[in-house]
4 protein chains.
Amino acid sequence: MVDKQGQGVVRGPGRPREERVTRAALDAVVALVAEQGMSAVTMDAVAERAGVSKPAIYRRWSGKQELIIAAAEAWIGELSVPDRGDFRAELHELLTARLESYRQPGVDRLLAGVIGASAEAGADRGAYGAYSARVMGETRRILERGIARGDVRADTDVRAVATMVAAPMVFRLVGELEPPDRHLVDAVVELVGRAVGA
Amino acid sequence: MVDKQGQGVVRGPGRPREERVTRAALDAVVALVAEQGMSAVTMDAVAERAGVSKPAIYRRWSGKQELIIAAAEAWIGELSVPDRGDFRAELHELLTARLESYRQPGVDRLLAGVIGASAEAGADRGAYGAYSARVMGETRRILERGIARGDVRADTDVRAVATMVAAPMVFRLVGELEPPDRHLVDAVVELVGRAVGA
Amino acid sequence: MVDKQGQGVVRGPGRPREERVTRAALDAVVALVAEQGMSAVTMDAVAERAGVSKPAIYRRWSGKQELIIAAAEAWIGELSVPDRGDFRAELHELLTARLESYRQPGVDRLLAGVIGASAEAGADRGAYGAYSARVMGETRRILERGIARGDVRADTDVRAVATMVAAPMVFRLVGELEPPDRHLVDAVVELVGRAVGA
Amino acid sequence: MVDKQGQGVVRGPGRPREERVTRAALDAVVALVAEQGMSAVTMDAVAERAGVSKPAIYRRWSGKQELIIAAAEAWIGELSVPDRGDFRAELHELLTARLESYRQPGVDRLLAGVIGASAEAGADRGAYGAYSARVMGETRRILERGIARGDVRADTDVRAVATMVAAPMVFRLVGELEPPDRHLVDAVVELVGRAVGA
DNA sequence: TATTAAGCGAGACGGTACGTCACGTCTTAGG
DNA sequence: CCTAAGACGTGACGTACCGTCTCGCTTAATA
C-alpha cells in the first residue's frame, strides 16, 4: 500500500510532502483503535489527533479503508525468520514473533477492522489479504527450507500445513475471548512437527 | 440472537408481527452482501429491498450489527455431526458441511463483515465470536468423543487441535484469493489424523 | 421560491415537515446577515443557530443560494398599493413602504448577497430577478392605472418610467454610503410627476 | 485598487515583476466569469487559466475580492463626457458609452458578483461602491454643467436626478431578463430632459 | 360488534461522519 | 526578489447513513 505519490528518489517540483504528517496520521489511527476501538477511527478524529488536516490525509490515502490498512501494516511490521537448521525451531520463532506483535493492546480490533474493510465492494481483496499473504509466505518458506534440508517430509502439502500453522493465531485473536498465548504456539509446533517431521 | 419481543406461545393484544417482514429483511441483507458487498448493507437499503419499513426492522433487531449477525446465522445454519465411530470421518464430515455453507456466493464478505463489526467499541465480542464458538464447540466434541472412544490420543490438547482444524477454513475464506476447497479439507484431516490418531 | 415539497392541502404519507424548522432556518439566515454579514451565513452556522440539522435544511432548499433567496423574500414581504385616485400619492406610498422595509438593519447586505447569488452559473436569473420583477410590476400597475384614470400622460413609456422609479432605491441601498431616505422618495416622485403628469 | 507594491519609477533590488503575469490574471478572471459564471472564479482556476502561480497573484492583489474588482475596473474602463453645450446630448453620450461597456458578454455576472462581494463582512463598501461612485460622479458633473450653462433648472436636486439617470442601467443589467438597450437610454434622457430642462 | 393495542409503510428528524473544494500561506528548486 | 509547482491548515460544502419519531392506516384479539 504505497502513497498515491510514488515519491521515489527523484522528486518533482513543488513543496514536498512532510514525513511528519504521514507518521502522525498512522500513529493517530493506532492510538485511537487501541484506546476507543474501531468506531472511533473517524477521519476527523484522526486528523485532529494527528494535528493534521483532512486534505493532507486524503492526499496520501484515498479513503478510510486505505488508511486503516496502511496503519495496520506499519504497525505489525516485518516478519522474517533466518535458517536455524531446524524447522520446528523456526516455526516456533515465527509464531512467537507474531504473538509478540499481537500482544499490543488493540491489535485484535485493528485486525478485525481490516478484515471488515476487505468485505467492501471496491476493496482489493488485498485489504486483509496482503497481511495474510505475508504471514503465509514466511510460513511456507520455513517449510520448504525444511523439505530441502530434509527434516520435513518430502510429500508434505506445504500450503495446507502453512495454513494450519498460520490460521490459529488470527482465529484466536479475532474470534475468541482469550487471545493466542505461548501455550497455543507450543501446541501448534508440536502437532505439526509430529505430522510432517521427517 | 432472539427477537426483542420474545414472541413465545402466549401473545399480547394487538396486531401480531408478520413473519413475512422478518424473512424479507434477512433475505435482503444476504442479497445485498452477495451482490454489492458489506458497504451496501444500509438499513435504508435493506428496508427498500425487503419492501419493508425501517421501524419494522428496528422492532425486531436493535441495530445494524444485530441484523447482520442474525442474517449470518440464519444463512450459515446449524452444524452437527453424529457419532460415526471414527474421528477422521467425523472431522471430514464437519469440514465438508462447512465447506458447503461457505460455497454460497457472498459468504466470504458476510463473514468478513461480521468480523469487522466485532471490532466496534460497544460490540459484545459475540458478534463473530458466537459463530466461532459454535464451530469450535462441534470440533471439540468430535475430538473428545475420539478420546473417549480411543482413536484419539489421550494426551491430546483438544483446544489447540480444534483450533488448527477450525481456523484454516475461515482463514482461507476471508484472507486468500481462493476459497477453501475439498483439497484443504482432505489435507487437514490427514495431518490431524497423523498427529493425534491413536 | 416554493419548498421542494409542494405541500398543498392534500398531504402524502409519512411524517409531515415541521413548520418550526422552516421558520427557524429562515430566521437564522436573517439574524446572521444582520449581525455578521453575508459571509457568516454558513449552512453549518444557520443549522446551529436555528437548532436544526443540515439535512433538514437541504430537504427544503437545494443549496445556499436558494436558502438565501427564500430568506430575503420572506423578509421583504409583499408590496401592494391600492387605488388612491392620484398616481403621485400612490408612487409615494409604494416608495415609502419600500423605504420602510429597507430600513431593517442588514437588508442592504442581504440584498447584495442575493444579487451576487444571481451571478452564479446555474442560477435562474430569478435569484434577484424575482424580487426585481415584483417591484417593477407594482410600479407599472400604478402608472397604468394613472393612464387609464387620465392623470398620467397617455404616451408614457411605462417600462422606462417604472425603471426610473424602482431602480434608485436599490442603487442607493447597495452601492452608496448612505441608504435611501425620504428625501430621495420625494425627489423621485416630484420629478416623475413633472415628467409624465397629464 | 493599486498593486500592493507601488511600483513607481524607482525600483528596489531583485527581479522585477512580469507585466505578463498581471495581464494574464485579469484576463483569466474575465474569461472565467463570461464562460462559467462567478462561482468558477477560483484562485486556483485563475492561476491555471492564466498559466501563473498562486503566489504570483497574491503578490499583486491581497485576495479574491481585490482581484475581481481590479478585473472589473480594467474591463469596464473610464467614463468621461466633454462639454457638448447641451446636457441632453451629454447624458445621451454617457449612457450610450455605458451601454457599450455593458454589452460585452458576462458583464452582468461580473457586476452582480462585485455587488455580492460588497456584502461580505470585512468588505469596504467600496467593492461595488467605487464603480457606483464613478458613474454617479460623471452624471452629476453633466447636470452641474447644465445648471451653470443654464439649460438645467437651477432648483434641480442634482443627486436625486443623477441617481435616476444612473440607476436604471445597472438595475436592468442585473435584475431583468433583457439587458439595457438604446430604447431605455432614449427614454431616460427624454424624461429627465422634460423634468429638469430649463 | 366495537374497542383497543400494536402492527404496518412512508418519510421527516437530529446527529455524525464522509470525502471534496476553495482560500490564503508556506516551502521547495530554479531564473 | 521573482518564478512555477504543489503541499499545508482551515473551514465550509453537500451527501449518506444511523436510529428515532410522527403520521394515517390496517389487523387481530378482547370486551
Side-chain angles (χ1 to χ4, degrees), chain A residues 5 11-18 20-21 39 41-48 51-64, chain B residues 5 11-18 20-21 39 41-48 50-65, chain C residues 5 11-18 20-21 39-48 51-64, chain D residues 5 11-18 20-21 39 41-48 50-59 61-65:
Chain A
Q5 174 178 307
R11 187 172 68 230
R15 178 173 175 176
R17 296 229 175 113
E18 291 182 23
R20 178 188 70 80
V21 173
S39 65
V41 182
T42 291
M43 294 308 265
D44 293 77
V46 171
E48 184 179 343
V52 146
S53 70
K54 280 204 292 173
I57 296 178
Y58 280 102
R59 245 173 253 125
R60 291 171 169 71
W61 303 280
S62 71
K64 199 179 176 180
Chain B
Q5 175 178 307
R11 187 170 66 225
R15 179 176 173 176
R17 294 215 179 125
E18 293 183 21
R20 180 187 69 79
V21 172
S39 66
V41 182
T42 293
M43 295 307 265
D44 294 77
V46 171
E48 184 179 345
V52 145
S53 71
K54 282 204 292 172
I57 295 178
Y58 280 99
R59 243 172 257 125
R60 292 171 169 72
W61 302 281
S62 71
K64 196 182 177 179
Q65 284 188 26
Chain C
Q5 174 178 306
R11 188 172 69 228
R15 178 173 173 174
R17 296 236 172 106
E18 290 182 22
R20 179 188 70 80
V21 172
S39 63
V41 182
T42 292
M43 295 307 265
D44 294 77
V46 171
E48 184 178 345
V52 146
S53 70
K54 278 205 292 174
I57 296 178
Y58 281 101
R59 245 172 254 126
R60 291 171 169 71
W61 303 281
S62 71
K64 199 179 177 178
Chain D
Q5 173 178 308
R11 188 172 67 223
R15 177 173 173 178
R17 292 211 180 129
E18 293 183 20
R20 181 187 69 79
V21 173
S39 66
V41 182
T42 291
M43 295 307 265
D44 293 78
V46 171
E48 184 180 345
V52 144
S53 71
K54 282 203 292 171
I57 296 178
Y58 280 100
R59 244 172 258 124
W61 302 279
S62 72
K64 197 181 177 180
Q65 284 188 28

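These numbers were taken from a predicted model, which means no experiment stands behind them. Lettering of chains follows the sequences in order, A, B, ..., and the numbering in each one begins at 1.
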* Residue D:P55, side-chain atoms from C-beta onward, closest of E:dA22, F:dA16, F:dA5 -> F:dA5

* Structure fact -> Contacts of A:D44 and B:V21 projected onto DNA chain E by closest heavy atom; the upstream (5') one is B:V21

* To do: Please state how far atom CE in A:M43 lies from atom P in F:dA12, giving the value in whole angstrom units.
  => 20 Å

* Among F:dC8, E:dA22, E:dA12, the nucleotide that comes nearest once only the side chain of C:R59 is considered -> E:dA12

* Would you tell me if any nitrogen or oxygen in the side chain of A:R60 comes within less than 4.0 Å of OP1 or OP2 on F:dC8? => yes

* From the list E:dG14, E:dG7, E:dG24, which nucleotide is the closest neighbour of the side chain of C:R20? -> E:dG14

* Asked: Is A:K54 side chain donor-acceptor paired with the E:dG19 base, going by distance under 3.5 Å alone?
  -> yes

* **d(CZ, A:R17; P, F:dG6) in whole Å** => 11 Å

* Asked: Taking all non-hydrogen atoms of both residues, which atom of D:S53 and which atom of D:A47 are closest, and how far apart?
  -> C-CB, 4.2 Å

* To do: Mark yes or no for whether C:R17, through its side chain, and C:A56, through its backbone, hold a donor-acceptor pair below 3.5 Å.
  => no

* With DNA chain F as reference, determine whether D:V52 or C:K64 sits nearer its 5' end, using the nearest nucleotide of each. => D:V52

* **Spacing between D:E48 atom CD and E:dA22 atom C1', to the nearest angstrom** => 14 Å

* Structure fact -> note: C:I57, atom CD1; F:dA12, atom P; distance rounded to Å ~ 14 Å

* Asked: Can any side-chain N or O of C:K54 pair as donor or acceptor with the backbone N or O of C:V46 at less than 3.5 Å?
  -> no

* To do: Specify the residue among A:G14 and B:E18 whose closest nucleotide of DNA chain F lies further upstream toward the 5′ end.
  => A:G14

* **N/O (side chain, D:S53) to phosphate O (OP1/OP2, F:dT3) under 4.0 Å** => no

* To do: Check the pair B:V21, B:R59 against side-chain contact (heavy atoms from CB on, under 4.5 Å), reporting the backbone distance first and the verdict last.
  => CA-CA 11 Å; B:V21 172; B:R59 243 172 257 125; over 6 Å; no

* Structure fact -> Nearest-nucleotide check on DNA chain E, A:R15 vs B:A56; residue mapping nearer the 5' end is B:A56

* To the nearest 0.5 Å, what is the distance between OG1 (A:T42) and NZ (A:K64)? -> 5.5 Å

* Structure fact -> Of the candidates F:dG19, E:dG15, F:dG9, the side chain of B:Y58 sits closest to F:dG19

